[in-house]
Each structure stands twice: as C-alpha cells, then as structure tokens.
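Only one structure is covered here, and it is reproduced in the block below.
Treat the numbers as computed from the prediction; the structure is a model and nothing was measured. In what follows, every heavy atom counts, from backbone to side chain, and hydrogens, waters and symmetry copies are set aside.
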Amino acid sequence: MWQALKTAFLCGRGQSLVTYASYDDNFSDHLTRIEAVLNCFKKFGLRLNPSKCSFGASKIKILGHQVDQNGIRPDEEKIKAITEFPAPNNLQQIALTSKPVLGHFDDDAPTELHTDASGYGIGAVLAQKQGSDEKVIAYASRTLLRAEQNYSTTERECLAIIWAIGKFRPYLFGRHFRVVTDHHSLCWLTNLKDPAGRLARWALRLQEYDVSIVYKTGRMHQDADGLSRNPLKHTEENFNDDIPTLFLLSDIGREQENHPYIAEIIRNKSQPSLTKQDNKFKIVKGILYRKNYDPTGQPLLLVVPRHLRMEILSDLHDAPTAGHLGFAKTYDRVKRRFYWPGLYRSVKRYVGHCQDCQRRKGVPQLPPGYLKPIPPPGGPFQKVGIDLLGRFPISQGKKKWIVVCTDYLTKYAVTQSLGSGEAQEIAKFLLEEVILKHGAPREIVMDRGRNFQSKLLQELTNKCGIKKKTTTAYHPQTNGLTERLNRTIADML
C-alpha cells in the first residue's frame, strides 16, 4: 500500500522514484531530484522515518542485494554465517567461502533448503540447481536458546526446519521446494495423522508451504552440518522496536514503573536470585520486554501497562489501516509485538464488543444444502474471478468503482479503482494488471453484467485463449471467492 501510494502521487509530476532509491549521474542532479521528491511528500502531508532513510549514499542494500557503481552483488549478510566461521585447523575443516559460490535467485530453478541441528546451534543453506551447478543463495545459522537446548533431537531438527523456512520465506512462499535433512524421522512430519504438542504446531505451520522433506545421509549433508556446529551468536536485541504513535508521547520506562505488576518484575530483575518467571523477561534500554520463544516471531515483546492497552487494541483494530478484522487476525497482530497478562481475553472481549463490527458485519450463515467440490487449478492464475464493486462516493481522483480480480489457487487479489466501470476500463485492467503481469488465465469467472458481456471483453478473451464462464443468474455464490473479498473490502472501507 505504501509503494502504491507513492506511485499514485508521484506519477505525472515528472519525478523518478524506483521503489526506495533514486539514481542520478551526478550529485547536483541527485540533490535536485531528492528535493523535488521531498516537496511532493510535504505537499501530501506524508512523513518519513529518518532512521530508515539514506541520502547521497554510494552503496545501498535493497531486496537482499548490494547496489553501487560497480553493479549488483549479493548482500554480505547472506554469507555472514560463513565469513565468521571459525578458522579451520586441518584440511577436513576447510570450507568454500569465495563469493562466486553465491548465485542470484532464479524463479524457474529447483530450490532446496538444507537444514541441520546440533546440541547448541542450528544451520541452514538455501541452494538452487542452476544448470549443471548447485548455487548457494544464502547461508544462515544461530545458537540455540537455553530452553531450546533441552529439546529432543527430533524437536531440534524440526526447529531448524521451521526457523530456516521463516528466515527464507520470501524465497520459498508460493513455490515448491525440498527440505533436505539428515534426520530420517522428519520425513513423516507433513503427514501426521494424530499430531500433538510442539511438533503438531510446527507441522500445522508447514501446511501453508508446498514443501517435501527428503532424507540425505550425514556424509552428504556437511554444509548445513558445519553451520550448526559453529553457529552465529543469537542476539536477542536484534528485533523490531517500532512503537505505536501513542507511545511517542510518553516515557515507556516510566509508565511501566507506575504499574504495580510490571514494577515488581523490574525490581526482581535487579535481585541476585531470579525466579523462573522473572527469567522470561529482559530489560533493554530501560524498558521491560518479555522473551518470545516462537522461532517465526521477534524475540522480544514489549510489556504494556494496563492504562495503555486499550489504545493499542484501538490502533490495531479500529484504525483505518487495521480494517476492523476479526478476533483471530487481530490477536495474531497484537501478540507478535506486545505482551500483557490475559492478552487473549482482552483481545477477544474488545473485538466482541466493537460496535462498528456488530453494526456492519452480518452473521455468517451456513449454505443451504451440500456443496459440490470444485477441482483446484493446476497453477497460479490459471483460473481467476473478476467482479465490479461499487458504486462509491466520488473520490478526489474522480473514481467511484473498484474492479476486483482474485486467483482461485493462491487467493492473491488484484484491485484497481475505476471512474465509470465500463467495458473499456475493465478490459484495460484485465490486460495490463492481470494478463501482462501474471499471464493469460485458462478460465475467468464473471457475472452477467453488460460491461462483462461486451464484445470488447469477448474479443480480448478469445485472442488470449481464455475460457469465459458466467455465473448463474441471481446466484453470486458461483464466484464466491471474489464476492467474499468484496465483502471484506466493503467492511474495511
């Protein structure tokens, strides 16, 4: 949304902004362009975080790569686990660390994730088969926390998989990949029939990925094995400490000291003998945090005093960017960043008593009769649904319709605001935002509106080899995936 907003108000004003970087041949032109872009931000009332901005830089990190006057090369962080590897003492300990080993990620190449765990660390190697060579995309390792060192061997090996997949999620999500492990028992992890405990929760987390786990003997699995036996030190301070706007107006440390429960924990942390409960907390820069042992979340959660909790819930549920989502998504959003006793009950009570949600959201009804299973498409954007949402009050850009297109496999949605909602605008959206970016779908589901049944759309689908399917009259459930997204968008607006 942030990138789309920047593109919207910079487009047509002669400004050049490529994602987060501006490129110029000389420094004076660079300053001129930066000044023009900042004036646009000022005109539209937008603010930038100074700690996340870099001006006049000769080298930047962007999308996992380093960009400078010499070109593009992989980020040094990708080989940190190797460059900080202990010096070998004999020939058997020598590891290949030269940068040409790293390759750029190829969307079409088979992807593998090698993982391993030792008694004190876990390691991972993201690799691809590019041509006849195996190219490493990135290395990663970390030491185990004290609680994680008490896990069984199977649990530590499974933790390595879960942590590595979360670490390399941008590369792995939405594509098939293999996890290579030297622990044969994990091959059945994705096929558990009666899961229970920690392994069951991790197995459930893998369901959103198209992953297959294969076994490789330890002698053929020495890359990840070496990283797990010489891991990088795990730093708990490496977390996202962004604080909501309301906290910028107050001293968090002082607010915590005024809360009896939190103040007692802070006092106990200064005592030589700590209880098991006190060991779950950590003080960073005078602020109390609770340690988070979820491998996919940030390691420290801010402990919130009682009088500030309602503001957080309002900010993450009621705000326009929050969208009044349901309990599960709101709770997941809160627990990733904050902690207080009874967090689950607080979120459930707050969402359940939200007047806007009760007034606008209807009670979901069970469908009458049995549903007929629809075979899933074979790949992304092979089958899509399209619909028109509106009419809305006219915006500043003279827009009053929203066209919505959803992919039936990945549930990925593409939307765009339209002025009239006529066939010409819909055909342009379908061609530029769907066909040219994601490929021509094999099937497209649409209703019987005159704008969708026009000759223009009929010619477009025929030339692109798209089979057009229309919904049953007065039965929008035929295109239920798109209609449900329309309802979510309407609730958020």
Inset, instruction - Using distance alone, with no hydrogens and no angle criterion, decide if D491 and T488 have a side-chain donor and acceptor under 3.5 Å apart. - result: no
Legend entry - Side chain R178, main chain E112, donor-acceptor under 3.5 Å: no
Legend entry - Sequence neighbours excluded - salt bridge (charged side-chain N to carboxylate O under 4.0 Å, His left out) pairs with any residue from residues 316-335: D332-R336
Inset, instruction - Measure from NZ or CZ of R290 to the centre of the six-membered ring of Y339 and say whether it is under 6.0 Å with the direction within 45° of the ring axis. - result: yes
Legend entry - Six-ring centre of Y408, K383 cation under 6.0 angstrom, axis tolerance 45°: yes
Legend entry - Ring geometry between Y171 and F105 (parallel below 30°, tilted from 30 to 60°, perpendicular above 60°): tilted
Inset, instruction - Output, in order, the C-alpha distance, side-chain angles, deciding distance and verdict of side chain to side chain contact (heavy atoms under 4.5 Å, CB included) for H438 and Y412. - result: CA-CA 11 Å; H438 305 282; Y412 184 82; 4.1 Å; yes
Inset, instruction - Assess whether salt bridge (Lys or Arg N to Asp or Glu O under 4.0 Å) is satisfied between K399 and E425, documenting all intermediate values. - result: CA-CA 12 Å; K399 309 293 186 182; E425 290 183 331; 5.3 Å; no
Inset, instruction - Indicate yes or no: at least one non-hydrogen side-chain atom of V351 is less than 4.5 angstrom from one of H317. - result: yes
Legend entry - Validation row: L227, D116 side chains within 4.5 angstrom (heavy atoms): no
Inset, instruction - Mind checking the CZ-CD spacing from R484 to Q477? Nearest 0.5 Å is all I need. - result: 13.0 Å
Legend entry - Under 3.5 Å donor-acceptor, D106 side chain and D108 backbone: yes
Inset, instruction - Without swapping roles, check the side chain of R309 against the backbone of V304 for a donor-acceptor pair under 3.5 Å. - result: yes
